[in-house]
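The structure appears right after this line, and notes come after that.
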Amino acid sequence: MISSAPPTLPADLRAFIEALPKTELHLHIEGTLEPELLFALAQRNKVELPYASVEALRAAYAFTDLQSFLDLYYAGANVLRTEQDFYDMTMAYIERARADNVRHAEIFFDPQTHTERGIAIDVVFAGIARALREARDRHGFSSAMIMSFLRHLSEEDAFVTLDAALPLRDQYQDLWNGIGLDSSERGNPPEKFARVFARCKELGFHLVAHAGEEGPPEYVVSALDVLKVERIDHGVRSEEDPALMQRLIREKMPLTVCPLSNLKLCVVDDMANHNIARMLRAGLAVTVNSDDPAYFGGYMNANYLAIASALALTREELLQLARNGIEASFIPAAEKARLGTELDQYAAAH
Ligand code: HPA
Ligand code: ZN
């Protein structure tokens, strides 16, 4: 288990991180399914699991690369059957996020993981959206939904998914504002999805894509040039291409970096070698995110604490990371300004 409480961090810095107002821009809702809830849903839906206990399942979370994780992540999603299941999973995430002082979250969901199993796309949208709307109304927790295509499937499949989702657009216009691209990166370059992303752009969606997690920096370039994305998810391998790094700085292109994910999936061998601090110090618009927190050992605070400890981040650097998250978010200007003011007040008070 990765420690979420690095022992070397001074208590005051730890408290500073925990109370810091945050935004989360890279979070797969299916990756928030904790083993306890996964078991409870399996029981509720009479789904047999190949694990004897919650502990046995958690012990299986020892990944060697992205694919070894994805295999378990897709298998785990099999317990999600009803609108209530999607609601319960989303509500559990919101509670964890609120405990970490996350103010705004932009949430990936993968309809193809569910429609492939015969679950109607309406069920997926409805369950997630009901939880997000409740959290907004009760707690002022703001959020957005980013529908993501699975890149190991075909572009035609992505078009089918888009066509199935578009009739729901009006009903979810308060939440669904983005399109993403995830799953197995190597061998599935962004350009495979050029036409469907072009269509989504015409339709007025915000566009993002995973690139440069396991894949080469060329995939980051084609995500920018071919897909026309507004943020790069992960992007840590961009550092291998100095010209790309200069471009990312110049264009103020946000990278949604996920430190504990990178460690768990062996994208980095040690948090002390993670490049988020180098990229931040070089002037890139890097942000901190939790990706699939139920699988990677921690939510937002755990990610901030892990990098602060391993990379000796200062308060100013931590504030900059939080500020980058607000700037990179897809929220109306007034809401952005409100979050910015809250962060300014936090900085002034600490
Ligand atoms: N990378 C690619 N696909 C994913 C990830 C990720 O980190 N998490 C969930 N699907
Ligand atoms: Zn991801």
Side-chain angles (χ1 to χ4, degrees), residues 2 23-34 38 61 63-78 80 86 89-90 93 97 105-114 116 124 128 144-153 157-158 161 178-190 192-193 206-216 219-220 222-223 227 229-238 254-268 274 276 286-300 302-303 325 328:
I2 295 163
T23 58
E24 167 133 86
L25 306 179
H26 183 156
L27 182 280
H28 303 263
I29 200 66
E30 294 90 349
T32 68
L33 193 52
E34 290 285 345
L38 200 157
Y61 294 171
F63 311 117
T64 52
D65 59 9
L66 174 58
Q67 193 60 49
S68 64
F69 153 70
L70 290 172
D71 292 344
L72 280 194
Y73 163 83
Y74 295 129
N78 185 38
L80 296 161
F86 286 92
M89 173 176 65
T90 306
Y93 162 68
E106 303 190 356
I107 294 174
F108 295 126
F109 63 112
D110 295 334
Q112 287 155 300
T113 301
H114 313 299
E116 248 187 358
V124 180
I128 298 170
M145 293 169 67
I146 302 180
M147 184 175 87
S148 300
F149 299 127
L150 299 180
R151 69 201 303 159
H152 67 274
L153 301 177
D157 220 290
T161 305
I179 294 290
L181 183 66
D182 59 11
S183 192
S184 320
E185 188 183 4
R186 283 202 198 109
N188 295 298
K192 180 175 165 185
F193 297 89
H206 288 293
L207 304 178
V208 299
H210 284 53
E213 177 187 20
E214 279 192 346
Y219 285 18
V220 176
S222 58
L227 301 189
V229 299
E230 298 158 70
R231 298 196 296 244
I232 296 287
D233 295 314
H234 292 295
V236 288
R237 288 196 57 195
S238 303
L255 303 188
T256 63
V257 179
C258 307
L260 288 174
S261 165
N262 295 153
L263 189 62
K264 269 289 209 181
L265 300 187
C266 307
V267 169
V268 286
H274 199 290
I276 189 168
V286 288
T287 66
V288 180
N289 308 273
S290 71
D291 207 2
D292 302 282
Y295 292 86
F296 299 152
Y299 289 75
M300 282 292 273
N303 275 275

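Predicted model, so just to flag it, every value in this text is computed and none were measured. Read the numbers this way: they start at 1 and go in the same order the structure lists the ligands and their atoms.
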Requested in this report: Tell me whether the centres of the aromatic rings in Phe193 and Phe149 are closer together than 6.0 Å.
Outcome: no
Report task. Indicate whether any N or O donor in one side chain lies under 3.5 Å from an N or O acceptor in the other, for Tyr73 and Thr113. Result -> no
Report summary line: Short version for Leu66: what comes under 4.0 Å of ligand 1, heavy atoms counted, is side chain
Requested in this report: Select one of side chain, backbone, both or neither to describe which atoms of Phe108 lie under 4.0 Å from any atom of ligand 1, heavy atoms only.
Outcome: neither
Requested in this report: Report, in ascending order of atom number, the atoms of ligand 1 lying under 4.0 Å from any heavy atom of Asp292.
Outcome: 5 (C), 8 (N), 9 (C)
**Report entry** Glu213 neighbourhood, listing ligand 1 atoms whose heavy-atom distance to it stays under 4.0 Å
**Finding:** 1 (N), 2 (C), 6 (C), 7 (O)
**Report entry** Location of contacts on Leu70 toward ligand 1, heavy atoms closer than 4.0 Å
**Finding:** side chain
**Report entry** Within reach of ligand 1, part of Glu185 (heavy-atom separation under 4.0 Å)
**Finding:** neither
Report task. Return yes or no for this condition: an N or O of Tyr74 is under 3.5 Å from an N or O of ligand 1. Result -> no
Report task. Find, among atoms of Asp291 that are N, O or S, the one nearest to the Zn ion (ligand 2), and state its name. Result -> OD1
Query raised in the report: Can Tyr93 and Glu24 be said to form a side chain to side chain donor-acceptor pair (under 3.5 Å), step by step?
Result: CA-CA 12 Å; Tyr93 162 68; Glu24 167 133 86; 2.7 Å; yes
Report summary line: The atoms of ligand 1 lying under 4.0 Å from a heavy atom of His234, numbered in the order shown, are 6 (C), 7 (O)
Query raised in the report: Would you say His26 and ligand 1 have an N/O pair spaced under 3.5 Å apart?
Result: no
